[in-house]
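Residue numbers run from 1 in the order of the sequence given.
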Amino acid sequence: MSFLRSVAGALVLARPLNSSRTVQTRRHIKRWVAPTLRELAHRQQKQGPQKPEPRAGYVEWNYRSELFAFGKRLGENFELPQLQEAFTQRSYAHQEEEKQRKLGIEEGDLKIADNQELAKMGSHIARAYVEAFLKQSLPKVPKEGQEAIASYLLSTETLANVSSHLGTKDLIFTTEYPPSPESLAESLQAVIGALADSSGVERAFLFVRDFICTQLNQKDLLDLWTPKQPVQLLEEICQQRKLGEVEPRLLGDCGKNTVLAAYHVGIYANRQLLGKGFGEDVPTATETAALDALQSLFDIHENRRPFDFGLQVETKNVRLGN
């Protein structure tokens with residue numbers, strides 16, 4: 001017994017001075033949780049992906065506040081009635097007018113403003129500024145090339161992409177959800193028109209420059225505009241600029257009469273090398289060299305100076321269409 005007492009005393013003395021105990025927390029999860037989660041996941045997978053729901057269906061949605069926040073995010077001052085009209089599609093206006101007609105509302109009160117007029121105005125403003133911007137930024141590119149690049153910037157796909165990233169999807173009044181690319185593009189044009197009415201045409205021009213013209217950033221302009229007959233176009237440009245007669249020369253070749261044949265062609269004018277190109281045959285290499293020469297002459301090469309999106313295009317140089 002005395003031995004046991006001595007051992008117990010030794011154990012007491014061996015305890016650390018700090019007697020604070022660490023409290024271990026344990027998660028107590030009921031057994032029914034895991035089977036329930038598996039069953040819910042199975043049902044969701046069986047039903048398939050759910051259709052996207054419009055943000056307006058949420059309880060905390062306040063459309064007027066969202067319109068106000070939209071303008072402030074862009075740093076622009078909009079008249080809220082004008083902005084709401086810009087987001088109202090004609091199909092939605094027709095649908096609402098039909099609902100009110102069935103409720104017996106008088107015909108004079110059925111008219112709902114839509115964005116057709118604002119979209120038309122915004123389209124003219126956007127096209128006018130884009131053409132002026134390209135004319136000032138790419139002065140060496142012929143009119144055909146400037147029109148092709150402008151068509152890319154003003155295409156439905158580009159405008160819809162810009163509109164979607166500006167957060168217009170949940171603000172548009174339309175009969176479909178999510179809105180189609182056509183509705184997104186038309187709403188963006190209407191927003192430009194509403195900005196011109198609210199803050200002036202110059203602010204609309206800056207809006208087009210900041211959100212539409214900037215889509216050219218890090219773009220290969222040859223992908224946006226590729227001349228159909230580069231050799232003939234190069235000959236015309238050389239005649240206009242009096243650079244001399246175009247003369248293609250074979251610089252090298254390898255793998256003749258094989259599947260992996262490659263030809264290296266250079267194009268000269270007045271003993272000056274204008275461009276070089278490769279191809280599986282001489283005509284293909286000649287066209288590639290002509291495209292390379294055109295890129296250098298038009299100053300649209302890959303290593304060109306980036307676009308200056310801080311460029312101030314004078315208002316007098318922007319021709320608004322009717």
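Between Glu157 and Tyr152, the closest side-chain pair of non-hydrogen atoms is not below 4.5 Å. Within the 4.5 Å cutoff, side-chain heavy atoms of Val141 are placed close to those of Trp225. Proximity of Asn270 to Glu245: side-chain heavy atoms (C-beta onward) are nowhere separated by under 4.5 Å. Val282 has its side chain out of reach of Asp253: every pair of non-hydrogen atoms, C-beta onward, lies at least 4.5 Å apart. For the pair Leu40/Gln44, no side-chain contact is recorded, criterion being any heavy-atom separation below 4.5 Å from C-beta on. For the pair Asp292 and Ile267, the minimum side-chain heavy-atom distance is 4.5 Å or more. With a 4.5 Å cut-off on side-chain heavy atoms, Arg304 and Leu138 count as touching. Contact of the His301 side chain with the Leu222 side chain is not registered, since no non-hydrogen atoms from C-beta on lie closer than 4.5 Å.
The distance from atom CE of Met121 to atom CG of Leu195, rounded to the nearest 0.5 Å, is 11.0 Å. Annotation: the span from Leu67 atom CG to Asn62 atom CG amounts to 9.0 Å, rounded to 0.5 Å. Interatomic distance, Asn161 CG to Thr158 OG1, rounded to the nearest 0.5 Å: 7.0 Å. Atoms OG and CG, on Ser296 and Leu274 in that order, are 8.0 Å from each other to the nearest 0.5 Å. If you take CZ on Arg209 and OG on Ser137, they are separated by 10.5 Å, rounding to the nearest 0.5 Å. Considering CZ of Arg73 and CD of Glu66, their distance stands at 7.0 Å, rounded to 0.5 Å.
Side-chain atoms of Ser164 do not come within 3.5 Å of backbone N or O of Ala160 as any donor-acceptor pair. In terms of modelled atom types and a separation under 3.5 Å, the side chain of His42 and the main chain of Arg38 share no donor-acceptor contact. With hydrogens and angles ignored, the 3.5 Å screen pairs a side-chain donor or acceptor of Thr168 with a backbone N or O of Ser163.
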- Message: Between Thr174 and Ser91, does the side chain to side chain contact (heavy atoms under 4.5 Å, CB included) criterion hold? Intermediate values first, please.
- Response: CA-CA 6 Å; Thr174 181; Ser91 59; 4.0 Å; yes
- Task: Report the C-alpha distance between Phe307 and Leu221 in whole Å, list the side-chain angles of each, state the deciding distance to 0.1 Å, and finish with yes or no for side chain to side chain contact (heavy atoms under 4.5 Å, CB included).
- Result: CA-CA 12 Å; Phe307 283 97; Leu221 298 182; 4.0 Å; yes
- Task: Go through the steps for Leu74 and Phe211 under the test side chain to side chain contact (heavy atoms under 4.5 Å, CB included), then give the verdict.
- Result: CA-CA 10 Å; Leu74 302 181; Phe211 294 105; 3.9 Å; yes
- Task: Decide side chain to side chain contact (heavy atoms under 4.5 Å, CB included) for Ile172 and Leu184; before the verdict, give the C-alpha distance in whole Å, the side-chain angles of both, and the deciding distance to 0.1 Å.
- Result: CA-CA 8 Å; Ile172 299 175; Leu184 289 170; 3.7 Å; yes
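Around CD of Glu39, the count of heavy atoms belonging to other residues, nucleotides or ligands within 6.0 Å exceeds 12. At most 12 heavy atoms of other shown residues, nucleotides or ligands fall within 6.0 angstrom of atom CZ in Phe68. The 12-atom threshold is exceeded at CD of Glu182, counting heavy atoms of other residues, nucleotides or ligands nearer than 6.0 Å. Heavy atoms from other residues, nucleotides or ligands lying under 6.0 Å from CG of Asn303 number more than 12. Within 6.0 Å of CZ on Arg271 lie no more than 12 heavy atoms contributed by other residues, nucleotides or ligands.
Remark: of the listed residues Leu154, Ile125, Ile149, Leu216, Leu154 is the sole one forming a side chain to side chain contact (heavy atoms under 4.5 Å, CB included) with Val130. The residue from Arg90, Lys169, Glu176 that alone fulfils the side chain to side chain donor-acceptor pair (under 3.5 Å) condition with Ser183 is Glu176. A side chain to side chain contact (heavy atoms under 4.5 Å, CB included) with Phe87 is found for exactly one of Leu171, Asp170, Asn115, namely Leu171.
Residue Gly244 comes nearest to Ala269 through the heavy atom pair O-CB, 4.3 Å, listed as atom of the first residue, atom of the second, then distance. Of all heavy-atom pairs spanning Pro52 and Tyr177, the tightest one is O-CD2, 3.5 Å. The heavy-atom pair separating Ala126 from Ile212 by the smallest distance is CB-CD1, 4.5 Å. Taking both residues in full, the closest heavy atoms of Leu291 and Pro227 are given as CD2-CD, 3.8 Å, listed atom of the first, atom of the second, then distance. Contact record, Lys140 with Arg241: O-NH2, 3.6 Å, taken as the closest heavy-atom pair. Shown here for Val208 and Ile192, the closest heavy-atom pair between the two residues is CG2-CD1, 3.9 Å.
Side-chain atoms of Ser187 and Gln89 form a donor-acceptor pair, as typed in the model, at a separation below 3.5 Å. Of the N and O atoms on the side chains of Glu186 and Gln116, at least one donor lies less than 3.5 Å from an acceptor on the other residue. Side-chain contact annotation: Asp281 with Thr284, donor-acceptor N/O pair under 3.5 Å present.
Residues Tyr268 and Leu233 are members of separate hydrophobic clusters, defined by side-chain heavy-atom contacts under 4.5 angstrom among Ile, Leu, Val, Met, Phe, Trp and Tyr. Under a hydrophobic clustering in which Ile, Leu, Val, Met, Phe, Trp and Tyr are joined whenever their side-chain heavy atoms come within less than 4.5 Å, directly or via other members, Leu273 and Ile237 fall into different clusters. Linking ILVMFWY side-chain heavy atoms closer than 4.5 Å, directly or via other members, places Leu118 and Leu166 in two distinct hydrophobic clusters. Note on Val265: it does not cluster hydrophobically with Leu234, by side-chain heavy-atom contacts below 4.5 Å among ILVMFWY residues. When the side chains of ILVMFWY residues are joined at heavy-atom separations under 4.5 Å, either directly or via intervening members, Val162 and Phe207 end up in a single hydrophobic cluster.
Between Phe278 and His264, the ring planes lie parallel to each other; the angle is under 30°, not in the 30° to 60° tilted range.
For Lys135 and Glu131, the salt-bridge test fails: no basic side-chain N is under 4.0 Å from an acidic carboxylate O.
Between Phe173 and Tyr63, the ring center distance clears the sub-6.0 Å criterion.
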